[in-house]
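Since we're looking at a predicted model, the values are computed, not measured.
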Amino acid sequence: MDYNHRAIEAKWQDRWESERVFNVTEDPDKPKFYNVSMYPYPSGELHVGHVRNYTYIDLITRFQTMRGYNVLPPMGWDSFGLPAENAAIQTGVHPRISVENQIGRMKEQFRRLGAAFDWDRELASHDPSYYRWDQWLFLELYERGLAYKKEAPVNWCPKDHTVLANEQVIDGACERCGTGVEKRNLSQWFWKITDYADRLLDDLDDLTEWPERVVTMQKNWIGRSEGARFRIQVAGSEDSFEVYTTRPDTIFGMTFCVLAPEHPLVEVLMKDAEAEAKVRAYVAEAGRFSEIERMSEGEKTGVFTGRHAINPANGVEVPIYVADYVLMGYGTGAIMAVPGQDDRDWEFATKYGLDIIRTVQPPSDWSGKAYLGDGPTINSGFLDGLDMADAKTTIIKWLEDEGVGEGTIQYRLRDWLISRQRYWGCPIPMIDCAECGLVPVPRDQLPVLLPEVDQWQPEGRSPLAGVESFVNTMCPNCYGPAQRETDTMDTFVDSSWYFFRYADPKNDQAMFDPEKARYWMPVDQYVGGVEHAILHLLYARFVTKFLHDIGLSPVEEPFARLFTQGMMVKDGAKISKSKGNIVAPDPYYADYGADAMRLFELFVGPPTDDAVWNDAGVPGTKRFLDKVWKLGTTEMAFGNRPPDATDREMLSEAHRTLKKVTEDIEQFHFNTTVSSLMSLVNLLQDYAAGPAERETFDKVFRMLLLMLSPMAPHVAHELWELRGYGDLLATERWPEWDDKLVVQQRVTMVIQVNGKVRDRVEVDAGITASQAEEAALASEKIDAWLQGLQVTKVITRPPSIVNIVAG
RNA sequence: GCCGGAGUGACGGAAUUGGUAGACGUGCAGCACUCAAAAUGCUGUGUCCUCUGGGCGUGUGGGUUCGAGUCCCACCUCCGGCACCA
């Protein structure tokens, strides 16, 4: 008989809530477990992809609670930013209203999932009591020189009408809408994450509980490279420019230099030069290209400036080119070109007929083109004969002695551009005064409230710039008239520290109490999508390090253990609102119940992998739960007899399952956890059909419910109560397995002849090697296979296998 | 191009990290119950053959080993990340 999931699920959701089972406070006597899932943006459409994520988190919460930890499972809302604003633009409803409605809807969906969250600690980033501390953080950074405003070529999305961070440009297109990104020169706020580049890189080695691939992605993103910087003199002038190279050892092979089109020296060099018109045209052309076109590796183009540079190593004069394959944003925006040892320089030199000098001896079978490998240095004066490493250290020392350059480390990471020309975000707490310049808003005037407006559509400048009551203010310094900064902050600012706020969500005196953070931090388990491997996780690490440096955070790394789950896929695409292939959980809650839904999400495949949504899945796991229900509620005729070997085997099976389930949960192998329980139930069903013994059945069923509790909590609770095992399953202790029972007494041993399975026999688990061999040779089937053969060797691995080698 | 990860039945996926390949589930087929269907239960389900038995089988080709899905070498395909970063 099927159980009434609607009534049961509602009943237990009420009880967990009214008895505040998952609301926690700091308890120094209990070990803590801080369990956080990446807070969602309130789209209003919780779908089966989200449900997968929150089922995992909920399973951990319930499991660790049963293991005796003081578990904090908070939940909040990433409610500022483009997704929420774009949704609001579509519907015409104010973002605040729509976001708050959607939060209500999603909370209800979480409730119906049976998700255990400590709702007392709920937070939302659009709440002034939250974003006030974004502003406070901004001021702390500003005062330490880590927030600065500067005019820079920035990524501009023409569709979303906003600037994007480097991290938000994917293949030259806007991360959100896919529109090609343009370059614009704008005055913008940056956070100086590059000051932390070395620490962000080095500390990755300590994150042993992070997926290796996320660590690798962050390493690549930070992109540390070692090389040298040195100054190059322009021939016949006082001007000079600096270049960066990872191959200073090839300096004698420099046959030309290249400046990026945006390099400030270009303007100086071409003044009154013969080539001025040509160079000017080229620079203008390069500026018109979008990021996509600029980055696509087409044929290289460039133009000779008519000027020459002097190689500091040997005084040779080489031509200076302007070419857009050199990027202003990396290194110094200028390079020494060594076509003999660099593919790009080779291509350029070949096209424009420039000299090529090899400074590293290629192998004899080298077919041509640039040689990037190691080898003895040639054509290089005092470096000749040295290998690459020695040549590098020698030339760097020489550059330093001569005072023209130095060994240096270069990062690919750029400073974090946080300004956004959008309405729905946290206002930047700065004031521009004609007399005093940029003045921070005094802390006692925080928060700078986001004004309520009717026009929030983006139009190229921040919508706030049109709100006079907001813009016009008084300078806190000289009390003269002044204007507020009208850009808002990147949403990733909000999400870079919210996990600290959960520890102390209502504090109106400070961002959070360091003592509370000391208890809860670091996050013991962080769960989210791999799409945040770079953006969010890097920013959160940066901000945590900063908060540590100013004495607020007890830790330098926020997330001790990270789990990145795969996406839920349907019709070949990630399930998402923008793809229009949303599968909502509600019909499944209604028809099969949250427990069946949860179980399918766990069972669908390895949590790290993408999983394909399958409509037949939830009915399947419901079938399993009905089986458990039937087993737990049907009156059975127990045999009136003492326990025997069959009962021992049943109990032994349960303990083996317990061991496997416990270990699988710890390792996030949830799919096999579910299949183990299914196997146990199948066996228990067979057992119950035979002359079952009451006490054994009860022991096993109790264990089954305890194990099922974190996965399908509602039905497990109901059966727990019905069978009179106790009151509230959620706070019961996770059982311990008995090692004596885990061991099997009788096992099947495989007998092979020349590596092929020829027979199987039942043997005692404690069998010795010689007994195993004896048993194998005693088999009639084996005897038949050995007819006419000479046994040369017998390999025994008791009690699992015996392999007889014969020829 | 560079750096990761993965290729196992009709499908999702298991396999003490070198020891029974295909657990568990879905689907499919047959049987039972039913007037019938659904639901439920039972049985079967990698492939081929001369079928109480046996051959072959984990992307391809080689290798190591008593024994390879698992280790080594070469290759193919797919997915993810980075990429004119000097």
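Spacing between B:rC84 and B:rU20 at atom P, rounded to whole Å, works out to 49 Å. Nucleotides B:rU60 and B:rG9 have their P atoms positioned 10 Å apart, rounded to a whole Å. Distance check on atom C1': B:rA14 versus B:rU65 gives 25 Å, rounded to whole Å. The separation of B:rA86 from B:rU17, taken at their P atoms, amounts to 41 Å, rounded to a whole angstrom. For the C1' atoms, the distance linking B:rG69 with B:rC28 amounts to 26 Å, nearest Å. Spacing between B:rU52 and B:rU43 at atom P, rounded to whole Å, works out to 23 Å. Using atom C1' as the reference point in both B:rU26 and B:rG13, the two lie 11 Å apart (nearest Å). For the P atoms, the distance linking B:rC48 with B:rU40 amounts to 31 Å, nearest Å.
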Could you run down the sub-3.5 Å N/O contacts of the protein with nucleotides 38-44 of chain B?
none

Considering only nitrogen or oxygen atoms on both sides, find all protein atoms under 3.5 Å from nucleotides 62-66 of chain B and state each distance.
unit_1	atom_1	unit_2	atom_2	d
B:rC66	OP1	A:Lys793	NZ	3.4
B:rC66	O2'	A:Asn803	ND2	3.1
B:rC66	O2	A:Asn803	ND2	2.6

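A:Ser652 approaches A:Val743 most closely through the heavy-atom pair OG-O, 3.9 Å. When all heavy atoms of A:Leu383 and A:Asp249 are compared, the closest pair comes out as CD1-O, 3.7 Å.
In this structure, A:Trp346 has its ring center no closer than 6.0 Å to that of A:Tyr352. Aromatic pair A:Tyr321/A:Phe348: centroids less than 6.0 angstrom apart.
Classification of A:Arg656 and A:Glu649 as a salt-bridged pair holds, one side-chain N sitting under 4.0 Å from a carboxylate O.
A:Phe624 places its CZ atom 9 Å from the P atom of B:rG25, with the value rounded to the nearest Å. Going from atom NZ of A:Lys300 over to atom P of B:rA86 covers 14 Å, rounded to whole Å. Straight-line distance from the CZ atom of A:Phe348 to the C1' atom of B:rA86: 14 Å, rounded to whole Å. One atom, CH2 of A:Trp613, and another, C1' of B:rU26, lie 13 Å apart when rounded to the nearest Å.
Closest to the side chain of A:Ile534, out of B:rG12, B:rG81, B:rU20, is B:rG81. Distances from the side chain of A:Tyr244 to the nucleotides B:rA86, B:rG4, B:rG81 place B:rA86 closest. Checking B:rC82, B:rG19, B:rC24 against the side-chain heavy atoms of A:Ser800 singles out B:rG19 as nearest. Nearest nucleotide to the side chain of A:Val326, out of B:rG12, B:rG81, B:rA86: B:rA86. Side-chain atoms of A:Ser679 lie closest to B:rC24 of the nucleotides B:rA21, B:rC24, B:rA86. In the set B:rA23, B:rU26, B:rC84, the nucleotide with an atom closest to the side chain of A:Asn614 is B:rU26.
Contact annotation for A:Pro606: backbone-only contact, meaning every heavy-atom pair under 4.0 Å involves sugar-phosphate atoms and none involves a base. Here A:Trp785 lies in heavy-atom contact (under 4.0 Å) with sugar-phosphate atoms only. Counting non-hydrogen atoms under 4.0 angstrom, A:Lys756 reaches the backbone sugars and phosphates but no base. Residue A:Arg758 is classed as a sugar-phosphate contact, given heavy-atom separations below 4.0 Å to backbone atoms only. When heavy atoms are screened at a 4.0 angstrom cut-off, A:Asp609 is found touching no nucleic acid atom at all.
The phosphate of B:rA86 (OP1 or OP2) has a side-chain N or O of A:Tyr330 nearer than 4.0 angstrom.
With a 3.5 Å limit on both pairing distances and Watson-Crick or G-U wobble geometry required, the stems of 3 or more pairs in RNA chain B span B:1-7 with B:76-82, B:10-12 with B:24-26, B:27-32 with B:40-45, B:46-49 with B:53-56, B:59-63 with B:71-75.
Applying the salt bridge (charged side-chain N to carboxylate O under 4.0 Å, His left out) criterion to A:Lys660, with sequence neighbours excluded, gives A:Asp664. In this view, A:Arg224 and A:Leu201, A:Glu226, A:Ile409, A:Tyr411 satisfy the side-chain contact (heavy atoms from CB on, under 4.5 Å) rule, not counting sequence neighbours.
You'll find the side chain of A:His5 stays beyond 4.5 Å of the side chain of A:Asp595, heavy atoms only.
At a cut-off of 3.5 Å, with distance as the only test, no side-chain donor of A:Tyr592 or A:Asp626 sits close to an acceptor on the other residue. There is no side-chain donor-acceptor pair under 3.5 Å between A:Asp783 and A:Trp785.
Glycosidic conformation, B:rG5: anti, with the torsion outside 90° of 0. With its glycosidic angle more than 90° from 0, B:rC11 adopts the anti conformation.
Scanning residues 663-672 of chain A for heavy-atom distances under 4.0 Å to RNA chain B yields A:Asn671, A:Thr672.
Note: A:Leu200 CG to A:Leu537 CG = 11.5 Å, rounded to the nearest 0.5 Å.
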